[in-house]
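FYI, side chains are in, hydrogens and waters are out, and symmetry mates aren't considered; it's all heavy atoms of this structure.
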Amino acid sequence: MSAPARRDAAAKTPQAAVHSDPHDLWQQATRIRQEWLDHALSTQPADRATAERSLTALYARTARPRPRFVWVESPAAARPLVTGWPTLDQLYEQVRDPRPRRTPPLASDLAMIASRLRGALGAGVTHPDPELSPGRTGRTRQPWPELAPSRALDSGVPLAVVLHQGIRTALHRSLAHGFYLPVRAALAGGAAVPVCWYGQQDASWIAYYDVLRRLGLAGYGPDETEHVDAWADLARSCGWWWPGEDVCVVVDRPREVRTEPVVATVHDQIRLLPRGVCYRDGWQPLLSR
């Protein structure tokens, strides 16, 4: 579906959603955000069948066959299995190379299809999507302030901006800065770690477009829906994963997660306690702040 067609489909979004009280829509959005935060912090055993089905679908979108899956109980247990796989710096080097000497690795292709998906989802939003074009105020063109949601809406901050700040940005801060980045730093120990995705902690962008869809503020085409649903099912079913050409290493969800609120934030952000995550094999990294 072309971008204009997606916009036309989005324009047919139920008018009841468009004309609802922004405060009511925000309350609905916070409940959906909590659903996704619960998935992101879940300590239930992985749903391996769903995770493998979703990963196989993502591999297929890069023209790769179903890989062999190797399940491990912690990122630390995955580390020796992915030695020599491409790091982020190596992927950047290949992207910058005007004459790449080899076929892009799977991780590069996965990043590309995820980026294209987010662009396609943004095209289906009924308002200008701040994910693609950050909102600006009036004549000054300054970024909208980040205020408590009710105050923001009462002050004239568009609902679209409040949703982006309170769902996409807030979950990213909680799950990236508050969870996987400190865990990854502890895993790395100063060395480079091969590129991976974070499963349940990748929920921020998925939750954002799910909120827009469920509030009637976006309409996605069949292919975009099928694609984002694969990422959503993955985020609901497993922990981190490293994609190799023939083997995909997947981490089970943690055994224990303990968090604390981040003070002075307006969107209920959280972060792990210094010993706040313990994996099923007992790996419990000490996290720096």
Given H164 and W26, is the ring-ring contact (aromatic ring centres under 6.0 Å, His included) satisfied, shown in steps?
-> CA-CA 11 Å; H164 190 264; W26 171 250; over 10 Å; no

Evaluate the side chain to side chain contact (heavy atoms under 4.5 Å, CB included) criterion for residues C248 and W242: first the C-alpha distance (whole Å), next the side-chain angles of each, then the deciding distance (0.1 Å), finally the verdict.
-> CA-CA 6 Å; C248 185; W242 277 263; over 6 Å; no

Applying salt bridge (Lys or Arg N to Asp or Glu O under 4.0 Å), run through R61 and D223 and close with a yes or a no.
-> CA-CA 11 Å; R61 285 183 176 272; D223 185 64; 3.1 Å; yes

Test W205 against V228 for side chain to side chain contact (heavy atoms under 4.5 Å, CB included), laying out the working first.
-> CA-CA 10 Å; W205 69 271; V228 74; 4.1 Å; yes

Run the numbers on Y180 and L187 for side chain to side chain contact (heavy atoms under 4.5 Å, CB included), then give the verdict.
-> CA-CA 10 Å; Y180 68 71; L187 176 69; over 6 Å; no

Could you give me the CA-CA distance, side-chain angles and deciding distance for D21 and L25, then say whether side chain to side chain contact (heavy atoms under 4.5 Å, CB included) is met?
-> CA-CA 6 Å; D21 180 356; L25 291 173; over 6 Å; no

Evaluate the salt bridge (Lys or Arg N to Asp or Glu O under 4.0 Å) criterion for residues E146 and R173: first the C-alpha distance (whole Å), next the side-chain angles of each, then the deciding distance (0.1 Å), finally the verdict.
-> CA-CA 14 Å; E146 189 165 345; R173 289 171 181 164; 2.8 Å; yes

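Annotation: side chain of P45 is in contact with side chain of R280 (closest heavy-atom distance under 4.5 Å). Within the 4.5 Å cutoff, side-chain heavy atoms of Q200 are placed close to those of P254. Residues W144 and P158 form a side-chain contact, since some pair of their non-hydrogen atoms from C-beta on lies under 4.5 Å apart. No side-chain heavy atom of C196 sits less than 4.5 Å from a side-chain heavy atom of W241. Taking the side chain as every heavy atom from C-beta outward, V251 and C238 never approach each other to under 4.5 Å. Annotation: side chain of Y220 is not in contact with side chain of L117 (no heavy-atom distance under 4.5 Å). Side-chain atoms of L212 and I167, non-hydrogen and from C-beta on, never get closer than 4.5 Å to each other. Using a 4.5 Å cut-off on side-chain heavy atoms (C-beta onward), Q284 and V277 make no contact.
The hydrophobic cluster containing L147 does not contain V161, counting ILVMFWY residues as joined when their side-chain heavy atoms lie under 4.5 angstrom apart, directly or transitively. Under a hydrophobic-cluster definition in which Ile, Leu, Val, Met, Phe, Trp and Tyr are linked whenever side-chain heavy atoms come within less than 4.5 Å, directly or via other members, L273 and V183 are assigned to different clusters. V266 and L37 are members of different hydrophobic clusters when ILVMFWY side chains are connected at heavy-atom separations under 4.5 Å. Linking Ile, Leu, Val, Met, Phe, Trp and Tyr residues whenever their side-chain heavy atoms come within less than 4.5 Å leaves L121 and M112 in two separate clusters.
A side-chain contact (heavy atoms from CB on, under 4.5 Å) with F179 holds for exactly one of T259, I270, L287, V257; it is V257.
Of all heavy-atom pairs spanning Y208 and P130, the tightest one is OH-CD, 3.6 Å. Of all the heavy atoms in T265 and V262, the pair that sits closest is OG1-O, 2.9 Å. What you find for G244 and W85 is that their closest heavy atoms are N-CZ3, 3.4 Å. When all heavy atoms of A235 and W36 are compared, the pair lying nearest together is CB-CZ3, 4.0 Å. Considering every non-hydrogen atom in both D252 and E73, the closest pair reads CB-CA, 4.5 Å. Minimum heavy-atom separation, P65 to Y59: O-CD2, 3.5 Å.
Remark: the backbone N or O of Q44 is paired with a side-chain donor or acceptor of R253 at under 3.5 angstrom.
A distance of 10.5 Å separates CG in L110 from CG in L91, rounded to the nearest 0.5 Å. Between L58 atom CG and I113 atom CD1 the span is 5.5 Å, to the nearest 0.5 Å. Note that the CD atom of E224 and the CD atom of E226 stand 10.5 Å from one another [nearest 0.5 Å]. Note that the OG atom of S54 and the CZ atom of R236 stand 9.5 Å from one another [nearest 0.5 Å]. Summarising the geometry, atom OG1 belonging to T43 is positioned 12.5 Å from atom CZ belonging to R258; distances are rounded to the nearest 0.5 Å. How far CD of Q269 is from OG of S174: 5.0 Å, rounded to the nearest 0.5 Å.
Using a cut-off of 4.0 Å between Lys/Arg side-chain N and Asp/Glu carboxylate O, R213 and D229 are scored as salt-bridged. Classification of R64 and D109 as a salt-bridged pair holds, one side-chain N sitting under 4.0 Å from a carboxylate O. Using a cut-off of 4.0 Å between Lys/Arg side-chain N and Asp/Glu carboxylate O, E35 and R33 are scored as not salt-bridged.
Using modelled atom types, one finds a donor on one side chain and an acceptor on the other under 3.5 Å when comparing R168 with S204. Side-chain contact annotation: E52 with W71, donor-acceptor N/O pair under 3.5 Å present. Judged by distance alone, the side chains of D129 and Y209 do bring a donor and an acceptor atom under 3.5 Å apart. Side-chain N/O atoms of D38 and Q34 include a donor and acceptor closer than 3.5 Å. Between W240 and Q201, the side chains place a donor N or O and an acceptor N or O closer than 3.5 Å (distance only, hydrogens not considered). Between the side chains of D233 and T50, no donor-acceptor pair is found at a separation under 3.5 Å.
Surrounding CZ of R66 are more than 12 heavy atoms belonging to other residues, nucleotides or ligands, all under 6.0 Å away.
Contacts classified as salt bridge (charged side-chain N to carboxylate O under 4.0 Å, His left out) and involving residues 192-202 (residues at least two apart or in different chains) are not found.
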